[in-house]
Amino acid sequence: MSTVYVLNGPNLNRLGTREPGIYGTTTFEQLSEQCIARAGELGMDAVVRQTNDEAELIGWLHEAADAKAPVILNPAAFTHYSYALRDACSMLTAPLIEVHLSNPLAREEFRHTSVVSGVATGTIAGFGVASYLLALQALSPVE
Ligand code: DQA
């Protein structure tokens, strides 16, 4: 079974209670369970992780690069300014899908810039948890 990394940046561990009007009420644990279940249906093994630490997230991207594995990445606020994260994303050879629960382009101006999009295979934003599930489908070997 092929492995897909589902990596999440800062504050996403607070899902469920964090600004529910924007991010919904699904907790990170529930999001993780849904990703693992959907990946399984699609014939993939999802490794779902979250960190508030930029260095740790970059380390996980190095791991995915070494494994030549696809990545679904919600860089959270790092989206908007982390060139170090972008450089790590550039090392990936398998597809990279940038995901967001909200639609950053419909929000504050500082969210309109993504330094990651330019090195991603594609971006899915604005569909809540479904952004992740759609990304898994896009990576699926069978659909
Ligand atoms: C987010 C959007 C970002 O602008 C924000 O900093 C986040 C979450 C999203 O999933 O909608 O933390 O990536």
Side-chain angles (χ1 to χ4, degrees), residues 1-20 22-105 107-108 110-143:
M1 214 187 271
S2 61
T3 297
V4 53
Y5 286 77
V6 183
L7 304 180
N8 295 274
N11 300 308
L12 293 170
N13 56 317
R14 306 285 295 176
L15 288 178
T17 54
R18 177 191 181 196
E19 299 181 87
I22 296 173
Y23 298 115
T25 53
T26 303
T27 64
F28 183 76
E29 194 180 350
Q30 290 166 336
L31 167 70
S32 173
E33 285 166 4
Q34 288 187 42
C35 286
I36 290 166
R38 183 69 183 128
E41 288 166 6
L42 294 166
M44 298 182 292
D45 185 23
V47 174
V48 186
R49 296 178 186 162
Q50 186 278 331
T51 182
N52 295 322
D53 180 347
E54 187 178 21
E56 188 168 35
L57 188 54
I58 288 169
W60 292 342
L61 287 163
H62 294 170
E63 185 182 320
D66 288 344
K68 299 179 172 44
V71 174
I72 294 169
L73 174 64
N74 186 344
F78 293 147
T79 306
H80 312 301
Y81 66 90
S82 175
Y83 296 117
L85 195 70
R86 178 196 165 103
D87 284 349
C89 289
S90 296
M91 295 178 210
L92 298 168
T93 51
L96 166 66
I97 303 184
E98 176 186 353
V99 296
H100 299 281
L101 295 151
S102 68
N103 177 3
L105 294 176
R107 300 180 61 196
E108 304 96 318
F110 77 89
R111 298 185 201 276
H112 296 184
T113 297
S114 169
V115 300
V116 171
S117 294
V119 294
T121 309
T123 301
I124 301 174
F127 298 98
V129 174
S131 293
Y132 290 74
L133 306 181
L134 290 165
L136 285 164
Q137 188 174 328
L139 291 174
S140 167
V142 292
E143 279 185 40

**OP:** Walk me through it: do Val47 and Thr3 pass the test side chain to side chain contact (heavy atoms under 4.5 Å, CB included)?
**Re:** CA-CA 7 Å; Val47 174; Thr3 297; 3.7 Å; yes
**OP:** With side chain to side chain contact (heavy atoms under 4.5 Å, CB included) as the test, would you mind laying out the steps for Thr79 and Val115 before giving the verdict?
**Re:** CA-CA 6 Å; Thr79 306; Val115 300; over 6 Å; no
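Side-chain contact between Leu15 and Leu101 is present, with at least one heavy-atom pair separated by less than 4.5 Å. Using a 4.5 Å heavy-atom cutoff, the side chains of Val48 and Glu33 are not in contact. Using a 4.5 Å heavy-atom threshold, the side chains of Leu61 and Leu85 count as touching. By the 4.5 Å heavy-atom criterion applied to side chains, Leu136 and Met44 are counted as neighbours. Leu105 is not listed as a side-chain neighbour of Arg111, based on a closest heavy-atom distance of 4.5 Å or more. Between Ser102 and Tyr23 there is a side-chain heavy-atom pair separated by less than 4.5 Å. Between Leu133 and Gln137, every side-chain heavy-atom pair lies at or beyond the 4.5 Å cut-off.
Side chains of Gln50 and Asn52: a donor-acceptor N/O pair is present below 3.5 angstrom, by distance only. Residues Asn8 and Tyr132 bring a donor and an acceptor atom of their side chains to less than 3.5 Å of each other. Using a 3.5 Å distance cut-off with no hydrogens or angles, the side chains of Glu54 and Ser82 do pair a donor with an acceptor.
Within 6.0 Å of atom OH in Tyr83, 12 or fewer heavy atoms from other residues, nucleotides or ligands are found, so the atom counts as exposed in its surroundings. Atom CD of Glu29 sits in a sparse spot, with 12 or fewer heavy atoms from other residues, nucleotides or ligands closer than 6.0 Å.
The side chain to side chain contact (heavy atoms under 4.5 Å, CB included) test with Ile72 is passed by exactly one of Leu134, Leu7, Leu139: Leu139.
Rounding to the nearest 0.5 Å gives a distance of 10.5 Å between CG of Leu73 and CZ of Phe78. Once rounded to the nearest 0.5 Å, the distance linking CH2 of Trp60 with CG of Asp53 reads 8.5 Å. Rounding to the nearest 0.5 Å gives a distance of 12.0 Å between CD1 of Ile22 and CG of Asn103.
Scanning for side chain to side chain contact (heavy atoms under 4.5 Å, CB included) contacts around Ser131 gives Val99, Ile124, Phe127, with sequence neighbours left out.
In this structure, His100 and His80 have parallel ring planes: the angle between them is below the 30° cut-off, well short of the 60° mark.
Residue pairs satisfying the salt bridge (Lys or Arg N to Asp or Glu O under 4.0 Å) criterion with at least one member in residues 57-74, sequence neighbours excluded, are listed as follows: Arg49-Glu63.
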